[in-house]
Novice: 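My structure is below; once you've seen it, I'll send some questions.
Keep in mind that what you see is a predicted model, and the values were worked out from it rather than measured. Residue numbers begin at 1 in each chain, while the letters A, B, ... track the order of the sequences.
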Amino acid sequence: MAESPIRTRFAPSPTGSLHIGGLRTALFNWMFARKHGGQFILRIEDTDQKRFDPDALRTLMEAMRWAGLDWDEGPEVGGPCGPYVQSERLAHYQRWARWLVEQGHAYPCFCTPERLEQVNQAKAARKEPPGYDRLCRSISPVEAQARVDAGEKYVVRFKAPLEGQTIVQDVIRGETAFDNHTIQDAVLLKSDGFPTYHLAVVVDDHLMHISHVMRAVEWYPSYPLHVLIWRAFGWDMPIFAHLPVILNPNGKGKMSKRNPPRDKFGNVIPVMVHHYMENGYLPQAMVNFLAQIGWNFGDDREVFTIQEAIERFTLEAINPANSALPADKLDWLNATYIRNLTTPELAAALRPYLERAGLVVDEERLLKLAPVVQTRLKKNLTEVVELAGFIFRPYEDFQPAPAEQIIQKKMDAAAAIRTLEESMTIVQSIDDFSTATLLAAHEALAQRLELTNGQVFGVLRVALSAQTISTPTFETMELLGRAETLRRLALALDVVRAAA
RNA sequence: GGCCCCAUCGUCUAGCGGUCUAGGACACCACCCUUUCAAGGUGGAUACGCGGGUUCGAGUCCCGCUGGGGUCACCA
C-alpha cells in the first residue's frame, strides 16, 4: 500500500455553487495529495438527472480555482481514467451492476415506487423502521432474467447479508461494527439506467485508483454498505477518513443554504463559496481558515501559508468532532491577510468592489486610498465602499452633513465656524497640498484656537466626508484635492452658520 | 424513533496518565496610544457536561447517563 501512488479525489454533485463544507473537503483531499506528491482528481457526480444544474459545474470549478485547488485529472484537464463526469460513464456502472447480478450479489427489483411507498406506510403503521421488504430478492434468477428480457422496468438492488456484522475502518474514528440486518438492499442501478451514489462511488474509486477517500461524515451510515459492495467486487479498498461536519455558527445543525445562519446583528452568514468570493474574502484567508476547522497547524500558530500547512498535514490529526463555523475568525483572518497585502495588490483587490457599487475609480487615487483603508477593513473588502466610497462619488452629488454632526463634542457653533474659516484659509494658501503639511498646519491651528486636535480634525473630517466614521482628515483632503476640499468646507460653513 | 458518531473557555482548538493551579486564537471587557473608525500594545474574565470505576495518580483509559450531531430515497 505504501508503494502505490497517493490519489485522492473530490467528487461533488453539481447541484449549485460549492458549499463551504465541500470546499473544506476538497481542500483536505488536495493537501493530502500535494503532500505526498500524488494526484488530486476532480470527479463530477451528476447521476441525478432531476437535480441537474447546467451552471453548477462551471461555478464549482471557478470556486475551486479561486481557492487555488488545482486538479491533476478531471473536467477540462482530462486524464487517463476519464471521463470524469459520471453521466458519461454509464456503461461502466451498467456493466458492473450486471456482473454483480451474475455473481449473485445483486438482483433486479421490479417493485414500483407506489409499492415501495405502501410498504413503508405499512411499516410505519407497525412502528417498524422503514426499508425495502426484499420482495424481489426471492425471485429466481431465471424468472428475473425473463422479466428483464420482456422489457419490464426494474432497478438493481444489492443483496445485503441478513445477519452478522460488518466492521468498518476509518483513519480518524477507528473501527465501527454495524449489524448487517440494519443494512438495506440498496438500489445500485436506477430504472433509468443511471447508477446511484453507492454503486458509482465504488466503481469509480476503483477504476480511478483512488488510494485515500476523505469525505463528509454524512456518509458514515452508508459506509458499511460501501464496504460490502467493495467486498462483493473483490477489489482492494482505499483508506477512508470521514471528515467532521461544519455546523452552523450556533452549533445547531449543519450549514444549509436553504436556511442560512445569521450573525448577532442578523446578517446572513454565507454558506456558498461564491458568496465569500463576492463579499470580499481573499482566497488565502479562506483556505487558512478552512484548514483550521477539524485540523490544526500546531505551535499555536493561526496564520500560515497553504504550503506550510501541506507539510504538516496528516489524516490522523483530524479531530473527529463536528464543529460550529467560527465565522468571526474568518473575518479576523481575512482582515489579517488584507493588512499583509502590498499597496498595488490591495488596490487591485479593492477595485471590483468599488466599481460594483457604481463608482468610477481612477488608479492614482485608488493607490493613495489603499494604504489608508488597509487597517480599517475589519472583515472584508466590501467595507471600503461604506468607509471611503464618498471619495469616488460624483462631487456634484455631495450633500453636507447636518450641523450637529459637524460640531464636535464640547464645542459650540462659533468654534466650529472659526475652525472652518481658518482651515479654508490654510487650504487656500498652503504651498504643498499634502497630508503631512496639512496636518502640521492644522495642528498649529488647533493650538491657536485653543481646541483639541480631535475637535478641529473632527469638524473638518465630517465636513469633507459627511460621515462620522471615515478616512482620516488630511488624507481625505489630499484624496479630494484642494478645490473640492475648499468647496466642501464652504458648504459645511453654510450649514453650521444656518443652524447657529 | 432505529442505527451511528461526537463531547476541553461563547466559538475554533492544544492536550495522546504525572510537566494542567489546563496553553493558543477569535469574540468579549478594561487600560494605553490616538484624528473619527480601525490597527497596535498591555492586562482581564471564561472550559475539562454528570456519575461510577481502573490507577499511587485521570482532561487524558473503561462503563453508564446526559447533551449535541449525522443518517435512515430509484439525492448525493
Side-chain angles (χ1 to χ4, degrees), chain A residues 11-15 45-48 50-51 86 109 111-113 116 120 124 127-132 153-157 168 170 173 176-179 181-184 186-192 194-198 200-201 215-224 242 244-245 247 249-254 264 289 292-303 319-333 335 339 373-378 383 387 408 439 442-443 446 452-458 460-462 465 467-476:
Chain A
S13 166
T15 54
E45 310 219 329
D46 61 341
T47 57
D48 184 1
K50 297 184 205 70
R51 298 204 301 172
Q86 290 185 330
C109 168
C111 293
T112 61
L116 261 25
N120 276 149
K127 288 187 176 172
E128 284 174 25
Y132 180 54
K153 271 211 155 206
Y154 69 99
V155 300
V156 172
R157 282 184 186 275
V168 303
D170 181 273
R173 280 157 226 281
T176 306
F178 289 85
D179 287 329
H181 69 82
T182 64
I183 299 170
Q184 298 286 313
V187 172
L188 300 178
L189 201 66
K190 305 181 224 178
S191 56
D192 61 4
F194 275 63
T196 59
Y197 173 83
H198 308 302
V201 73
R215 50 157 34 166
V217 250
E218 280 98 319
W219 291 114
Y220 212 58
S222 54
Y223 185 24
H242 288 85
V245 199
L247 304 172
N250 64 8
K252 300 288 178 196
K254 44 178 188 173
K264 55 195 166 193
F289 170 69
Q292 291 187 96
I293 302 180
W295 182 76
N296 88 92
F297 189 82
D299 291 353
D300 290 339
R301 268 186 68 191
E302 309 284 332
V303 182
N319 182 165
N322 292 165
S323 56
L325 185 86
D328 287 343
K329 207 161 192 168
L330 171 60
D331 291 337
W332 168 77
L333 258 177
R339 272 179 250 125
V373 297
Q374 193 153 27
T375 61
R376 287 170 234 270
L377 301 174
K378 292 183 274 186
E383 294 171 317
L387 182 69
Q408 300 296 293
L439 169 64
H442 284 85
E443 278 172 341
T452 63
N453 284 353
Q455 288 171 319
V456 171
F457 301 177
L460 304 178
R461 189 177 346 88
V462 176
S465 66
Q467 296 178 181
T468 52
I469 296 175
S470 82
T471 45
T473 307
F474 306 106
E475 280 84 347
T476 305

Novice: Using the C1' atoms only, state how far B:U46 lies from B:G10, rounded to an integer number of Å.
Specialist: 8 Å
Novice: Categorize A:Leu460 for me: base, sugar-phosphate, or nothing, with a 4.0 angstrom heavy-atom threshold over every strand shown.
Specialist: nothing
Novice: Look through every strand shown and name the nucleotide pairing with B:C33 as Watson-Crick or G-U wobble, where both distances are under 3.5 Å.
Specialist: none
Novice: Rounding to an integer number of Å, can you tell me how far A:Asn319 CG sits from B:U8 P?
Specialist: 8 Å
Novice: Could you give the CZ-to-P distance, from A:Arg461 to B:U36, as a whole number of Å?
Specialist: 7 Å
Novice: Determine the contact category for A:Gly454: base if any of its heavy atoms lies under 4.0 Å from a base atom, sugar-phosphate if only primed atoms, P, OP1 or OP2 are that close, otherwise nothing.
Specialist: sugar-phosphate
Novice: Distance-only, no hydrogens or angles: does the A:Gln184 side chain make a donor-acceptor pair with backbone N or O of A:Ala186 under 3.5 Å?
Specialist: no
Novice: Report the base-pairing partner of B:C50 (Watson-Crick or G-U wobble, both distances below 3.5 angstrom), or none.
Specialist: B:G64
Novice: Looking at side-chain heavy atoms only, is the closest gap between A:Glu302 and A:Phe297 below 4.5 Å?
Specialist: no
Novice: Whole-Å distance between B:U36 C1' and A:Leu387 CG?
Specialist: 10 Å
Novice: Could you give the distance separating B:A47 and B:C20 at their C1' atoms, to the nearest angstrom?
Specialist: 13 Å
Novice: If you round to the nearest 0.5 Å, how far is SG of A:Cys109 from NZ of A:Lys153?
Specialist: 13.0 Å
Novice: Using the P atom in both, what is the distance from B:A38 to B:C48, to the nearest Å?
Specialist: 33 Å
Novice: Which part of the nucleic acid, if any, lies within reach of A:Asp331 when heavy atoms closer than 4.0 Å are counted: base, sugar-phosphate only, or nothing?
Specialist: nothing
Novice: Classify A:Phe178 by what it touches in the nucleic acid, base, sugar-phosphate, or nothing, heavy-atom distance under 4.0 Å.
Specialist: sugar-phosphate
Novice: In Å, rounded to the nearest 0.5 Å, how long is the span from CG of A:Leu439 to CD of A:Glu475?
Specialist: 8.0 Å
Novice: Supply the atom-to-atom distance A:Leu325 CG to A:Asn250 CG, rounded to the nearest 0.5 angstrom.
Specialist: 10.5 Å
Novice: When the distance from OH of A:Tyr223 to C1' of B:C5 is rounded to whole Å, what number comes out?
Specialist: 14 Å
Novice: How far does the P atom of B:C63 sit from the matching atom of B:G70, given to the nearest Å?
Specialist: 25 Å
Novice: Give me the distance, rounded to whole Å, that separates B:C26 from B:G41 when you measure between the P atoms they each carry.
Specialist: 10 Å
Novice: Take atom P in B:U66 and the same atom in B:A58, then report the distance between them in whole Å.
Specialist: 26 Å
Novice: Could you state the NE2-P distance from A:His242 to B:C4, rounded to the nearest angstrom?
Specialist: 15 Å
Novice: Looking at A:Lys254 and A:Glu218, does any basic side-chain N land under 4.0 Å from a carboxylate oxygen?
Specialist: yes
Novice: Taking atom CZ of A:Arg215 and atom NE2 of A:His242, what is their separation to the nearest 0.5 Å?
Specialist: 4.0 Å
Novice: Heavy atoms, side chains only, cut-off 4.5 Å: are A:Ser222 and A:His198 in contact?
Specialist: yes
Novice: Is B:C28 paired to anything, Watson-Crick or G-U wobble with both distances less than 3.5 Å, and if yes, which nucleotide?
Specialist: B:G44
Novice: Which one is paired to B:C3, where only Watson-Crick or G-U wobble pairs with both distances under 3.5 angstrom count?
Specialist: B:G70
Novice: How are the rings of A:His442 and A:Phe474 set relative to one another: parallel (under 30°), tilted (30 to 60°) or perpendicular (over 60°)?
Specialist: tilted
Novice: Report the distance from atom OG of A:Ser470 to atom CZ of A:Arg376, rounding to the nearest 0.5 Å.
Specialist: 8.5 Å
Novice: Output one letter per nucleotide in nucleotides 60-76 of chain B: B when a protein non-hydrogen atom lies under 4.0 Å from the base, S when only the sugar-phosphate is that close, - when neither is.
Specialist: --------SSBS--BBB
Novice: Check every strand shown and say whether A:Arg173 touches a base, only sugar-phosphate, or nothing at a heavy-atom separation below 4.0 Å.
Specialist: sugar-phosphate
Novice: Pick the nucleotide of RNA chain B nearest each of A:Ala321 and A:Pro326; which residue has the one closer to the 5' end?
Specialist: A:Ala321
Novice: What is the separation between atom NZ on A:Lys329 and atom P on B:G24, rounded to the nearest whole Å?
Specialist: 12 Å
Novice: Whole angstroms only, please: what is the CG-P distance between A:Asp299 and B:G15?
Specialist: 11 Å
Novice: Using whole Å, what does the distance between atom P of nucleotide B:C12 and atom CG of A:Asn250 come to?
Specialist: 11 Å
Novice: On RNA chain B, compare the nucleotides closest to A:Asn296 and A:Glu475; which residue's is nearer the 5' end?
Specialist: A:Asn296
Novice: Do we see a donor-acceptor contact under 3.5 Å between the side chains of A:Thr176 and A:Tyr220?
Specialist: yes
Novice: Distances under 3.5 Å only, N/O to N/O: pair up the protein atoms with those of nucleotides 39-45 of chain B.
Specialist:
{"unit_1": "B:A39", "atom_1": "O4'", "unit_2": "A:Thr375", "atom_2": "O", "d": "3.4"}
{"unit_1": "B:G40", "atom_1": "OP1", "unit_2": "A:Arg339", "atom_2": "NH1", "d": "3.3"}

Novice: With a 4.5 Å limit on heavy-atom distance, are the side chains of A:Thr375 and A:Arg339 in contact?
Specialist: yes
Novice: Take atom P in B:G49 and the same atom in B:U13, then report the distance between them in whole Å.
Specialist: 15 Å
Novice: Given the C1' atoms of B:G15 and B:U8, what is the spacing between them in whole Å?
Specialist: 9 Å
Novice: Please give the nucleotide sitting opposite B:C56 as a Watson-Crick or G-U wobble pair, both distances under 3.5 Å, or none.
Specialist: B:G18
Novice: I'd like to know if A:Thr468 reaches the base of B:U36 with its side chain, counting only an N/O donor and acceptor under 3.5 Å.
Specialist: no
Novice: Let's see if you can work this out: which of B:U35, B:A7, B:G24 has an atom nearest to the side-chain heavy atoms of A:Pro320?
Specialist: B:A7
